[in-house]
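Here's the structure we're looking at; comments come further down.
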Amino acid sequence: MEQVPEFISQLPTPCCLIEKQKLQRNIARLSNHIGQLGCQIRPHVKTHKSIDVTREIINGGNVKGITVSTLREAQHFFEHGFSDILYAVGITPNKLEQVAQLMQSGCDIKIVLDNPDMANLILQTAQQLACTFKIMIELDTDGHRSGVDPKSDELIEIAKMLEGNEYTQLIGVMTHAGESYACFTHESKLAMAKQERDLSLLAAERLRQAGYACDEVSIGSSPTAHAIDNLDGITEVRAGVYVFFDLVMSGLQVCNQEDIAMSVLASVIGYQKDKNWVITDAGWMAMSRDRGTQSHSVDQGYGVVRDQQGKLLGDYIVNDANQEHGIVRHRDPNHGFSIDAFPLAGKVRVLPNHACSTAAQFDHFIVVDQDRVIAQWPSVRGW
Ligand SMILES: Cc1ncc(COP(=O)(O)O)c(C=O)c1O
């Protein structure tokens, strides 16, 4: 570890803190839940892009491979000994050469696609590369994003294109119920989780009945993974943000604010007292532009402001953000602030809306236990 201060109070700002005990608790919570349902987690490392965080996840148990969102992540994790990798963003032919190189180096990487035309393009490029790619068909189980309709003829058409040739091997189906981010009650999260599971099982069954292999049935998002109560027939659950949690997750009642393991440490750089504003050095460059709680009943601005120890200060949020300036005020604009709570050059912690977006603003995390710095963990960026 390069020279890092011993105490949080000595850290340069802005920086990204991870509370190790909370991280481990969040990891154990989902590992135990999925383990009790007889299944395994394929953690999505896009949340942190960190080898060290992934090692903590593995220590939590019930882990089967990893999920990545970029080939850069795939390369980085493979170089650090992870070989069972699902690249869970629809593939394009221009990425196949890089995937082929990873496979030739011994990486067991799986790719995804969701339509017959792309299957055709991939097949053509695979022939040129003389390489056999392992493919999962992406399903649309909630109308949120990409994927093929699990009930459609297209699903079978894709399978037909992928099977019966030596360049593509169909290994299963995968889906991500992103619409669970609009589910605010336990009942709605459970219903979404069952929908994600049941439509995936239906697609797998249709493929098998049509004579195609479908060994893997991969589902998951943090809200559905915590809500699901039966995983019979599912081979893995993917989740990412659950390791840190964030204000979106606490707004959805997947966790509470005390579970959030990540925060941004910021310094008070000034005030606009007539406007009840405290200015800090953590703007959107540190917090990210993600306003994920904007659609929630409680809009948390660019983050919830706590004291240096992470304790509640009252109802203060980062109400607005410029690139390197955070504008902090009470949720009630007429409510002032005390200089004791926000001393000039003093520090505050800001809980993020979306931990994945905030983490991506930094190239390392500062790992803390109470007021002590215990490690510095690098993360990877880029594509
Ligand atoms: C394909 C895929 N799988 C899994 C996840 C993990 O979801 P979450 O961060 O809600 O756990 C994501 C997140 O965007 C995803 O895109």
Side-chain angles (χ1 to χ4, degrees), residues 23 26-27 29-31 33-34 39-50 53-54 57 60 62-71 73-74 84-91 109-114 135-148 172-184 188-189 192-193 195-197 199-200 216-228 231 234-255 259-262 288 290 292-293 352-360 383:
L23 172 77
N26 296 341
I27 289 170
R29 180 178 160 200
L30 192 64
S31 292
H33 174 56
I34 300 301
C39 200
Q40 285 182 299
I41 301 177
R42 180 182 288 278
H44 207 320
V45 303
K46 78 183 179 71
T47 299
H48 44 84
K49 304 172 189 263
S50 153
V53 174
T54 309
I57 299 174
N62 289 322
V63 175
K64 171 192 172 190
I66 58 167
T67 314
V68 300
S69 63
T70 66
L71 289 178
E73 287 164 29
D84 178 356
I85 298 179
L86 171 64
Y87 172 42
V89 177
I91 193 70
I109 185 167
K110 276 81 61 176
I111 55 178
V112 310
L113 54 79
D114 70 356
I135 299 183
M136 299 185 82
I137 301 178
E138 182 172 8
L139 306 170
D140 177 6
T141 53
D142 61 351
H144 179 73
R145 197 167 66 187
S146 39
V148 63
V173 290
M174 58 81 70
T175 192
H176 164 65
E179 274 299 294
S180 62
Y181 278 57
C183 296
F184 290 88
S188 60
K189 283 190 281 283
M192 183 59 74
Q195 179 177 315
E196 182 185 44
R197 176 196 64 196
L199 286 172
S200 301
E216 300 293 337
V217 186
S218 174
I219 64 173
S221 71
S222 286
T224 53
H226 288 84
I228 196 70
L231 286 166
I234 299 298
T235 60
E236 61 185 37
V237 174
R238 301 182 324 279
V241 78
Y242 75 100
V243 298
F244 295 149
F245 283 134
D246 53 25
L247 295 168
V248 168
M249 287 296 129
S250 64
L252 293 175
Q253 297 184 33
V254 180
C255 66
D259 297 321
I260 301 176
M262 175 196 281
S288 90
D290 201 307
T293 54
N353 273 318
H354 186 179
C356 309
S357 315
T358 303
W383 289 262

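Every number for a ligand or one of its atoms is a count from 1 in the order of the listing. Along the sequence shown, residues carry numbers from 1.
- With T47 contributing its side chain and G240 its backbone, the two residues share a donor-acceptor pair below 3.5 Å.
- Under the rule for a side chain to side chain donor-acceptor pair (under 3.5 Å), S50 has no partner lying at least two apart in sequence or in another chain.
- At a 3.5 angstrom cut-off on N or O pairs, T67 does not count as close to ligand 1.
- For F244 and H354, the ring centers are positioned 6.0 Å apart or more.
- Between the side chains of N62 and S31, not a single donor N or O lies within less than 3.5 Å of an accepting N or O.
- The shortest N/O to N/O separation between A88 and ligand 1 does not fall below 3.5 Å.
- Residue H44 approaches ligand 1 through these ligand atoms, each under 4.0 Å from one of its heavy atoms: 2 (C), 3 (N), 4 (C), 5 (C), 12 (C), 15 (C).
- Remark: among candidates H176, M249, H354, the nearest residue to atom 5 (C) of ligand 1 is H176, based on non-hydrogen atoms.
- Only the side chain of R145 comes within contact range of ligand 1, with a heavy atom under 4.0 Å; no backbone atom does.
- For ligand 1, none of its N or O atoms has an N or O atom of C356 under 3.5 Å away.
- Closest to atom 10 (O) of ligand 1, if we only count protein heavy atoms, is Y181 OH, 2.6 Å.
- Under 4.0 angstrom from ligand 1, there are no non-hydrogen atoms of Y242.
- The main-chain N or O of S218 is found under 3.5 Å from a side-chain atom of R238 such that the two form a donor-acceptor pair.
- Shortest contact from atom 13 (C) of ligand 1 to any protein heavy atom: K46 CE, 3.1 Å.
- Under the rule for a side chain to side chain donor-acceptor pair (under 3.5 Å), H33 has no partner lying at least two apart in sequence or in another chain.
- The nearest heavy-atom contact from the protein to atom 9 (O) of ligand 1 is V241 N, 3.2 Å.
- Geometrically, ligand 1 and S221 share no nitrogen or oxygen pair separated by less than 3.5 Å.
- Using a 4.0 Å heavy-atom cutoff, E138 is absent from the residues neighbouring ligand 1.
- Without hydrogens or angle criteria, E73 side chain to S69 main chain gives a donor-acceptor distance under 3.5 Å.
- L71 has its side chain within reach of Y87: a pair of non-hydrogen atoms, C-beta onward, lies under 4.5 Å apart.
- A salt bridge links K64 with E216: at least one charged nitrogen is closer than 4.0 Å to a carboxylate oxygen.
- Note: an N/O pair closer than 3.5 Å links S222 and ligand 1 by distance alone.
- Heavy-atom proximity to G220, at under 4.0 Å, picks out these atoms of ligand 1: 4 (C).
- A donor-acceptor pair under 3.5 Å is formed between the side chain of T175 and the backbone N or O of L139.
- Scanning all protein heavy atoms for the shortest distance to atom 6 (C) of ligand 1 gives G240 N, 3.6 Å.
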